[in-house]
J.: 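Here it is: the structure, laid out below.
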Protein chains: 2
Amino acid sequence: MNTLSYGLLSLLAQSSFSGYDLMLRIQPFWPAKHSQIYPLLAKLEQEDYIRFELVSQRDKPDKKVYSLTGKGQEALKDWFDQPAAEPALRDEMMLKVFCMSYAKRESARKMLADRLAYHGEQRQKYESKLAELKERAEWPEAGLPEPSHPLFGAYLLTRKAIMSNETNTEWCKWALSLLPEGD
Amino acid sequence: MNTLSYGLLSLLAQSSFSGYDLMLRIQPFWPAKHSQIYPLLAKLEQEDYIRFELVSQRDKPDKKVYSLTGKGQEALKDWFDQPAAEPALRDEMMLKVFCMSYAKRESARKMLADRLAYHGEQRQKYESKLAELKERAEWPEAGLPEPSHPLFGAYLLTRKAIMSNETNTEWCKWALSLLPEGD
DNA sequence: AGCTTATATGTCTATATTTACATATAGGAA
DNA sequence: TTCCTATATGTAAATATAGACATATAAGCT
């Protein structure tokens, strides 16, 4: 049982999902291709951490909808109390920044502008996600969910993503301001 | 030539470093163990991207000090102009947050408090790094390096790390405030 | 004298992850 | 009709990464 496996169980605690859904939902927090997810789900099912139900759909191919078993819920609780590994960020752009003073000015600016645009796109996705969460679970007046709400975690994560997005956007703009156009 | 290889070249653009130094310096931006670094350096040296000089030390074991060759500098420039891959963050804690509403209150608070403490430690390291940079290269009056300064990139990255650290710290405190003690 | 830590370099094996290959349904666009 | 995209699931092979094993110097501690 590796970290990704527990992550899948963690998502299934909230609700049942297909493998395809799980892939899309875990992506922002633990990048993984479907070729990694599907074999893991098969293994977790064989070992009785999860089970699935075949669901036919009209407009789309059939799917397997997975849910937690009792054993899966137990494993999840044990995992939660273990100390978490340090976060690991791998960002090619940050490696490029090391040699930025040796690059052409226009190249350096393009690199930062590309990243700024990327953050802009990501920002929209996170805002959509937040809107989707608010629809799925209308939490009370002030716009804040209760800690006991199944979507509480998803809300915290989406807020975290937006906060990080804002900081990264700010950094890009600041770095660009230090590199005026035209060398 | 994978991303880590280019990252090593990128560091060597700034100055010559031993494999051990490279490992320590690249860690915060691209996690990698020495068992991954040393074989890569040997391969890069065989393929004439870098060369090394054996340096004897009094108080420490001998070391290989690597520097870029002309071919390495060329490769670096080509790489810089290619679009960078999306950043990949893998954070076990974030996966745990998905099922936080099903965990015990004290467990959830401990998870966040542990992360808050981690950010505190990291913060000190980044501040030390910033102080070290300021020593190695005294940049002018206002405390800002010129874009042409070899340590300009390292300065941007350290500032980025500190900004992210502050945001993550803020998120932990906010999340903890939503989870008052004693369930 | 033996233990631990930091420095320093390396290999070997296991695991994690990506890339490519494969198939199928259905909608919309060219 | 053909192409592209999203949905949906899978396998095989290549690559990247981590963990374990190995060795060596020198300082400081017990």
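Just so it is clear, the model here is predicted, and its values are computed rather than measured. Quick note on labels: first sequence line is chain A, next is B, and so on, each numbered from 1.
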J.: Find the distance B/L40:CG to D/dT15:P and express it as a whole number of Å.
T.: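 After rounding, the reported distance stands at 13 Å.
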J.: State which of D/dA8, C/dT9, C/dT11 makes the closest approach to the side chain of B/P39.
T.: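 The nucleotide sitting nearest to the side chain is C/dT11.
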J.: Hey, which sits more toward the 5' end of DNA chain C by its nearest nucleotide, B/K60 or A/M1?
T.: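 That would be B/K60.
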J.: Roughly, in whole Å, what's the span from CD in B/E92 to P in D/dA18?
T.: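 Value for this atom pair: 14 Å.
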J.: To the nearest Å, how far apart are B/L41 CG and C/dT11 P?
T.: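 For the pair B/L41 CG and C/dT11 P, the rounded distance is 11 Å.
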J.: Rounded to the Å, how far apart are B/K43 NZ and D/dT17 P?
T.: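 Rounded to whole Å, this separation is 12 Å.
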J.: Just how far, in rounded Å, is P of D/dG10 from NZ of A/K63?
T.: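 From A/K63 NZ to D/dG10 P: 14 Å.
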J.: Quick check on C/dT7: is either OP1 or OP2 less than 4.0 Å from any side-chain nitrogen or oxygen of B/Y20?
T.: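 Checking B/Y20 against C/dT7: at least one side-chain N or O falls below 4.0 Å of OP1 or OP2.
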J.: C/dT9 phosphate, OP1 or OP2: any side-chain N/O from B/Y38 under 4.0 angstrom?
T.: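 Indeed, a polar side-chain atom of B/Y38 lies that close.
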J.: Please report the distance, rounded to the nearest Å, between CG in A/D62 and C1' in D/dT7.
T.: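 These atoms are roughly 11 Å apart.
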J.: Using a 6.0 Å cut-off, check whether atom NZ of B/K77 has over 12 heavy atoms from anything other than its own residue.
T.: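 No, because the 6.0 Å sphere around NZ of B/K77 holds 12 heavy atoms or fewer from other groups.
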J.: Among C/dG27, C/dT17, D/dT9, which is the nearest nucleotide to the side chain of A/D59?
T.: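 Looking only at side-chain atoms, A/D59 lies closest to C/dG27.
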J.: Stepwise, does the salt bridge (charged side-chain N to carboxylate O under 4.0 Å, His left out) test hold for B/E127 with B/R123?
T.: CA-CA 6 Å; B/E127 293 292 354; B/R123 175 61 187 254; 2.7 Å; yes
J.: Under 6.0 Å from the CD atom of A/E53, do we count more than 12 heavy atoms belonging to anything else shown?
T.: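 Counting other residues, nucleotides and ligands, CD of A/E53 stays at 12 neighbours or fewer.
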J.: Using atom names, set out every protein N or O paired with an N or O of nucleotides 18-21 of chain C below 3.5 Å, distance rounded to 0.1 Å.
T.:
unit_1 : atom_1 : unit_2 : atom_2 : d
C/dT18 : OP1    : B/R90  : NH2    : 3.2
C/dT19 : O4     : A/S35  : OG     : 2.6

J.: Where is the tightest heavy-atom contact between B/L68 and B/R51, given as atom of each residue plus distance?
T.: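 Nearest heavy atoms, B/L68 then B/R51: O-NH2, 3.8 Å.
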J.: Mind calculating the distance between CD (A/E53) and P (D/dT9) to the nearest angstrom?
T.: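 After rounding, the reported distance stands at 13 Å.
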J.: Please confirm whether the shortest side-chain N or O distance from A/Q57 to OP1 or OP2 of D/dT7 is below 4.0 Å.
T.: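 The answer is no; no side-chain N or O of A/Q57 sits under 4.0 Å from OP1 or OP2.
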J.: When rounded to the nearest 0.5 angstrom, what is the spacing between CE in A/M93 and OG1 in B/T3?
T.: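 Answer for the CE-OG1 pair, A/M93 versus B/T3, is 13.5 Å.
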J.: For A/K129, does the NZ atom have more than 12 heavy-atom neighbours from other residues, nucleotides or ligands under 6.0 Å away?
T.: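 Yes.
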J.: Give the rounded distance in Å between these two atoms: CH2 of A/W30 and P of C/dA16.
T.: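 Going from CH2 in A/W30 over to P in C/dA16 covers 10 Å.
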J.: Looking at A/K71, I want to see if its NZ is surrounded by more than 12 non-hydrogen atoms of other residues, nucleotides or ligands under 6.0 Å.
T.: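 Counting other residues, nucleotides and ligands, NZ of A/K71 exceeds 12 neighbours.
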